[in-house]
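Hydrogens, waters and symmetry mates are skipped; everything else that's a heavy atom, side chains included, is used. Values in this document were obtained by computation on a predicted structure and should not be read as measured data. Within every chain, numbering begins at 1; the chains are lettered A, B, ... in the order of the sequence lines, protein sequences first and strands thereafter.
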Protein chains: 2
Amino acid sequence: MAHKYVYLFTEGNKEMRNLLGGKGANLAEMTNIGMPVPQGFTITTEACTQYYEDGRQINDDIMAEIYEYIAKMEEIVGKKFGDVKNPLLVSVRSGSRASMPGMMDTILNLGLNDESVEGLAALTGNPRFAYDSYRRFVQMFSDVVMEMSKTGFEKIIDAVKEEKGVKQDIDLDADDMKNLVVKFKALYKEKMGKDFPSDPKEQLIDAVKAVFRSWDNPRANTYRRMNEIPYDWGTAVNVQSMAFGNSGDSSGTGVAFTRDPGTGEKKLFGEYLINAQGEDVVAGIRTPSPISKLHEEMPEVYDQFVDIATRLENHYKDMQDMEFTIENRKLYMLQTRNGKRTAAAALKIAVDLVDEGMIDEKTAVMRVEPKQLDSLLHPQFDPAALKAAEVIGKGLAASPGAACGQVVFTAEDAQQAVESGSMKKVVLVRLETSPEDIEGMAVAQGILTVRGGMTSHAAVVARGMGTCCVSGCGEIVVDYDKKEFTLAGKTYKEGDWISIDGSTGNIYGAAIDTTAATIGGDFSRFMAWADGYRQLQVFTNADNPHDAQQGSDFGAEGIGLCRTEHMFFEATRIKAMREMIVASTTEDRKMALAKILPYQQGDFEGMFTVMGERPVTIRFLDPPLHEFLPTKEEDIKEIAGELGITVARLHEVIDSLHEFNPMMGHRGCRLAVSYPEIAEMQTTAVINAALAVRKATGKNIVPNIMIPLVGEVKELKYVKDVVVATADKLIADANSDMKYEVGTMIEIPRAALTADEIAKEAEFFSFGTNDLTQMTFGFSRDDAGKFLSYYYENKIYESDPFAHLDQKGVGKLVKMAAELGRQTRPDIHLGICGEHGGDPTSIEFCHDTGLNYVSCSPFRVPIARLAAAQAAIKNPRK
Amino acid sequence: MAHKYVYLFTEGNKEMRNLLGGKGANLAEMTNIGMPVPQGFTITTEACTQYYEDGRQINDDIMAEIYEYIAKMEEIVGKKFGDVKNPLLVSVRSGSRASMPGMMDTILNLGLNDESVEGLAALTGNPRFAYDSYRRFVQMFSDVVMEMSKTGFEKIIDAVKEEKGVKQDIDLDADDMKNLVVKFKALYKEKMGKDFPSDPKEQLIDAVKAVFRSWDNPRANTYRRMNEIPYDWGTAVNVQSMAFGNSGDSSGTGVAFTRDPGTGEKKLFGEYLINAQGEDVVAGIRTPSPISKLHEEMPEVYDQFVDIATRLENHYKDMQDMEFTIENRKLYMLQTRNGKRTAAAALKIAVDLVDEGMIDEKTAVMRVEPKQLDSLLHPQFDPAALKAAEVIGKGLAASPGAACGQVVFTAEDAQQAVESGSMKKVVLVRLETSPEDIEGMAVAQGILTVRGGMTSHAAVVARGMGTCCVSGCGEIVVDYDKKEFTLAGKTYKEGDWISIDGSTGNIYGAAIDTTAATIGGDFSRFMAWADGYRQLQVFTNADNPHDAQQGSDFGAEGIGLCRTEHMFFEATRIKAMREMIVASTTEDRKMALAKILPYQQGDFEGMFTVMGERPVTIRFLDPPLHEFLPTKEEDIKEIAGELGITVARLHEVIDSLHEFNPMMGHRGCRLAVSYPEIAEMQTTAVINAALAVRKATGKNIVPNIMIPLVGEVKELKYVKDVVVATADKLIADANSDMKYEVGTMIEIPRAALTADEIAKEAEFFSFGTNDLTQMTFGFSRDDAGKFLSYYYENKIYESDPFAHLDQKGVGKLVKMAAELGRQTRPDIHLGICGEHGGDPTSIEFCHDTGLNYVSCSPFRVPIARLAAAQAAIKNPRK
């Protein structure tokens, strides 16, 4: 038998989602369980894939099969395409595996032509309705299928109304509608160079092609990339006989949810319009009534709908989102699907369904999208206050949450304003941020930058802090001297109130009240279920005691990455750091390091105190030293003065540190190889801090020291020898039996390739997949923005490899390193740090690859816990 | 039985080189075949390794074994350590697997003390000789073993001579020598804080330790790195009873070769000194006599020596380098080894030995070090003229050969001077060169730069051109304005003559005659033998018809890499390139590309004409576009004018092209993805050129198009689709059936990791191991110089991964990609381009990995042919 590309609704079921799309599978399922569904057929997703393989053509076999199913459908519904007496009219809708806004809109009333419109008029006894449907169809077909501009049609309607002296469509009668059809078809011929297709089958084939084509439109591509939907899934097409909600006052159409998608409350939630088709509800010209009102208007229909809704929820065991049409008091179901919901609703529904005995805990854990949790952890704008607010600009949604505060333009001003109490809440507005701004960023409610993307300094640091950030709003013009910025034609001065939404990128020119994050009882119950299934440990990245506490509050079981250099940027510390860098002898360098030591040790003590016996993994100095030096001439002059050296000498140091490709330069453990005294100082700080906290708390602190950027085992051994010599002496001097571990980052391809050797010296591996991605792809994250857009456009990459771990390339290295590492050291601890550690699909990969832990920023910890639980449920490890 | 660490000479043989070192194995071998060898023992290389494992200690077991062998030796030679009547005196020499200058000097006369010196005096009847030997021993031991400064001893000698009123050592008598010994020992005690060791066994153990220690001295480490000798080989120690060449006029010592090591001529070549020890020959105070003179002085000894030399050469079947001592007309052999020789001699000896029936061709092919061939292919200084020349400075030996010419300071001046005939031969002196200097570099005899290393632009381009280059001579101070430079206190102006030696890095302040490269009959006979064994194809890298011809002359079987961007830098072309870059629309870009097209096509025609039916692999545009734009403000102004755009606009373009890590930026195929019209133009140039040359020559030209920097198969497919669409149309329009191939560089780790997928679209892979090394190690070649010195110092890396392919990491990726590629496409053509393609050890790896070809710069082609032949002989493929 030839491959089957078309299925009647009676031939499918809800398990056939991949083949029939979500909509098609559910129409079939509803048909199967005896719901009133207007009948029709689904053209499969495979037909779509075939269409692209055939060079955007529907091949003869598929064409023949569609014609065959038109005949079958005509027989089932007892109507015929183009029939003057009893015409078959259909809707055509796209429907892919995953719900995908951005694809083709619906085409209604397909099958109308100059003959069948008369049949419709006779059948309904309503010529105005028939011709209104006809002109709508011509308009919709021209727009959606033929991609003609809408404005031509709107001009014609306006002209007709003006001629007649009326203002509303409703004032046009049957003849006016007829007139419109003639004019519309003339416009069509003028623009398209051919007559409007009168053959319903031709109309249908054109519509099917349009659905297939819409799979590849830019909106759809963008949506897919954002939601990790593979391009090769394709979309199905649903052809369904029309039910007319617009055939009079005993007809109507509506949308309803079995529970409140905003709160999760268990009550029917929805709205409907009398005498309308689906598009009218969307268009928003008329205000729909709440679904409860249907109880009064058509009680039997309402009862039937409530019954169906209950049956559907029980059948699917999840909150349903349904579309229905009433034609002359007869109810038709046009769609059902698991409804989209807010994070709060998702949690409540999952927990309620367990309490109602509908689902078990395992199923509940699978029901919440991990990414959704994010919004529960941050302040949000008060919805009422938000409605009234005007959006004055939009940037990138760089770090979620809502912030409201007074504008300041420098990190120092932010600090001073908050410390002095002159402002309580500030929003820091910068062209871009730099490491020196870190303290100002910490006191700000939110950060707004003109330049920089999702991975700019501002974005990365803000996400780490859990602070709201909108980045890269290029429309803002900042004048630092005047302390003001202009946006959308208005000027905002220091002290003016603004609000920003890091979840949408919206910027508001006024104060908007925020509501605090609420992590209620449902949240902790739900997360406890998740933890029950989880097999990966979840650690947090934390550079200071505050972050450590935050991560711990969110359930982190350890610290996977403490970036010690972040401790160096604070104003009081960076001076010693700079003294170290400009030192020309080892002795001078050691003297400067001695000044840094107490700061580091203090921070580590704070972190050990917070984490107790949970692992704390401290990465040694990583960035190239030039990052600590100024770049602007004025700063260079000032800092040379502070350091007590000549400007020329400072220039000399800066020049000597200049690198062509700093990403691949003198950084990571290469610094410790050149200047072992840095590793000595850092070891001293870690070990002394751990000894002190052990003494103070009696807890068995076991610090983990992590050497970054290793590419060769001898390099690791060299630095490790320095660490061990220093640590063992301190521990012996303290008469302690404290243990500590030394491990490494695997972030250079060569480290992954030689992981068997490296494991001889490393007690743990932490995959630094940010750098590993850069090196494996051979592109720098800072520069890739310039060309990656072309790559997305041309579907070379479907998703951002810095957001989702590239499993084919980078993942292969991770797997290889994990296997090689375990060959040498079966009990080696393996984890991932960096942004992928908080990304659900990457976490699933880590679970499947058998890693021991993931580490992510504090606010991602709950997401990682849930994603890890879901991965374990999908594919449990022995 | 315990591990054996010491072997008598009678216990070893020449096959035990790894254990006994070269010297030890050959002393044993000579003993075995009945040569007169002063007996002794060898402490193995394993003892050296053990010494380092034990923390630089000779452990008790080894110590005991040494004492045991001292006793055995005493019995064999019938003398005793420290004996007053018949004292055993020994020499102690290092000897590793490979001959390694840079390790410990020899210690002679060990075993002398206040007692045994009397024994020696009595035995020889020559107290002056005995005390002279003693004072020499104290001096040598203090210097070599205890690392005391020589100057103290020299001062004492000078004082004694002054006191006595004589000038020559020879004028000092036995008492003076005795006096020297007393004073030397006093100095020793003063400096070392203890008495000079009088126990010969203690002396011996100290000397053995010194030999072991010398394996790790900086000179030795540098030598090993340059010669790829692994650190873990260790050195053996040879303890041999002394023969006294300094015991009177019937004694002497000398060195001889069985053939002339300079020319290869078959005649005994060497020199000797009467009444001397080895060190006197080296010291050069007395002028040795040619070996032929020994025939007159001691005919029987001479005859015996000739006989031994002949037997040794026949035994080893190679030219021997021998040391001998005559003690009272008795000949002793102290060493024999395969002699070092010049490239010319190596060739002649290999060919002669075949003609003499001593060795077969296969053995001959193994006898010449591939790297040596290099010097045969370049001009050399006339040796006589060179002797008189004064070295005024030294830079890096960046590109071999000798050059002599008049100084010019800019590429334009070089071109103008040569074109106008105002100077015939120029040496271009620059701070550093840049791509725009390329034409000036091409006309220069040699290039001398102040900055830049072995991989600087000047070095890389010069090697490609086969032009002599000395780079990075930091002592030079250039004044471009005055057109002069100063070096070693002297100023050289434009037009002054200098000479530079790219094989040594020497700079001479005058003209020195050069002799042209001579590739005689021996060369081609020898290379034909090599080609007979070779299984790898050898291609050349060539960016223009001239290089193609050069490579072809040296035996290249195709072009493995034509870097098309090098064609863009010439003055007349770069303007169109810049127009392309500043274009703001696709149309403007296409117009500019249309100007470049004829240049490219012309170059390709030239290359196809030279290469005929041999493959020509053309890589599409690779470098980031900013490389084509000026950086200096004055140039920006000028070029904006030329391009007819504002300076501000040009700045805008330059800013927009700025990258943080250009190595990992917008380059390679990423350019073609963004601007497919570039790939279209280049395809047009390649295909049209090939069609034209087919038509003109009737030859079956099959161009290979190579897409650089691919990391993902879809990326390759995207660019390939552009290439194929363009090419197929041109070929069809020309009514031709021409074939062409499209392949890719594998130079990004991800390409290697996903090579199975990439092979679906690529007909060949060319491993770009320069970039692959950078990405795999995660360090940029331009920046690594800053920290790699620490890595060498600490023996983390033993050799430069850019010079020798890193087999563990990068090599693993190459192997993986080769296997994955062949899985998908069994007949895929695999090769390597880039500098490793001309490096013998890397070529051996390519052979062993089963690649099909290597490609290297024209002057490396003969080296690669020989290296490939040697690899095939060592490890033939089925």
Side-chain angles (χ1 to χ4, degrees), chain A residues 624 656-668 670-671 673-675 709 711-715 717-718 747-754 757 771-784 786-791 793-798 806 808-813 816, chain B residues 624 656-668 670-671 673-675 709 711-715 717-718 747-754 757 771-784 786-791 793-798 806 808-813 816:
Chain A
S656 77
L657 293 177
H658 171 264
E659 295 184 310
F660 295 97
N661 295 288
M663 243 271 312
M664 309 178 82
H666 197 179
R667 51 177 285 244
R670 297 165 194 166
L671 295 170
V673 170
S674 311
Y675 311 119
L709 215 75
E712 155 66 42
V713 63
K714 290 184 194 166
E715 182 179 35
K717 170 130 186 16
Y718 181 84
E747 53 188 335
I748 285 199
R750 196 173 187 279
L753 292 162
T754 62
E757 298 196 345
D771 274 8
L772 193 60
T773 298
Q774 300 194 77
M775 312 274 187
T776 305
F777 275 87
F779 52 63
S780 135
R781 194 159 155 164
D782 293 322
D783 302 312
K786 283 189 190 144
F787 52 84
L788 278 185
S789 57
Y790 297 99
Y791 277 70
E793 241 169 59
N794 295 305
K795 287 184 282 296
I796 293 170
Y797 294 124
E798 292 189 37
D806 159 55
K808 239 179 229 177
V810 180
K812 193 168 186 177
L813 282 179
M816 192 186 298
Chain B
S656 76
L657 293 176
H658 170 263
E659 295 184 309
F660 295 98
N661 295 288
M663 243 273 309
M664 308 178 83
H666 197 178
R667 51 177 283 245
R670 298 164 192 167
L671 294 169
V673 170
S674 311
Y675 310 118
L709 216 75
E712 154 66 42
V713 64
K714 289 183 193 167
E715 181 179 38
K717 171 132 184 18
Y718 181 83
E747 52 188 336
I748 285 199
R750 196 174 187 277
L753 292 163
T754 63
E757 298 196 344
D771 274 8
L772 193 59
T773 298
Q774 299 193 78
M775 312 274 186
T776 304
F777 276 87
F779 51 63
S780 134
R781 193 159 156 165
D782 293 322
D783 302 312
K786 284 190 190 141
F787 51 85
L788 278 186
S789 57
Y790 297 99
Y791 277 69
E793 238 170 62
N794 294 305
K795 287 188 278 297
I796 293 169
Y797 294 123
E798 292 189 37
D806 158 53
K808 241 179 224 177
V810 179
K812 193 167 186 178
L813 281 178
M816 191 186 299

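Note: A:F787 CZ to B:S674 OG = 8.0 Å, rounded to the nearest 0.5 Å. Rounded to the nearest 0.5 angstrom, B:L753 CG and A:L813 CG are separated by 4.5 Å.
With sequence neighbours excluded, the residues forming a ring-ring contact (aromatic ring centres under 6.0 Å, His included) with B:Y797 are B:F777, B:Y791, listed by chain and number. Applying the side-chain hydrogen bond (donor to acceptor under 3.5 Å, both in side chains) rule to A:E659 yields no partners; only residues at least two apart in sequence or on another chain are considered.
For A:S656, the part lying under 4.5 angstrom from a heavy atom of chain B is the backbone only. In this structure, chain B has a heavy atom under 4.5 Å from the side chain of A:D806, while its backbone stays farther away. In this structure, chain B has no heavy atom under 4.5 Å from any part of A:K717. Heavy-atom distances place no part of B:E793 under 4.5 Å from chain A, backbone and side chain included. A:E747 does not touch chain B: none of its heavy atoms, backbone or side chain, sits under 4.5 Å away. For B:L657, the part lying under 4.5 angstrom from a heavy atom of chain A is the backbone only. For a residue to count as touching a neighbouring chain, one of its non-hydrogen atoms must lie under 4.5 Å from one of that chain's; by this rule A:K812 touches chain B with the side chain only. Using a 4.5 Å cut-off between heavy atoms, A:Y718 contacts chain B through its side chain alone, with no backbone atom that close.
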Check the pair A:M664 / B:D783 against side chain to side chain contact (heavy atoms under 4.5 Å, CB included), numbers first and verdict last. CA-CA 8 Å; A:M664 309 178 82; B:D783 302 312; 5.6 Å; no

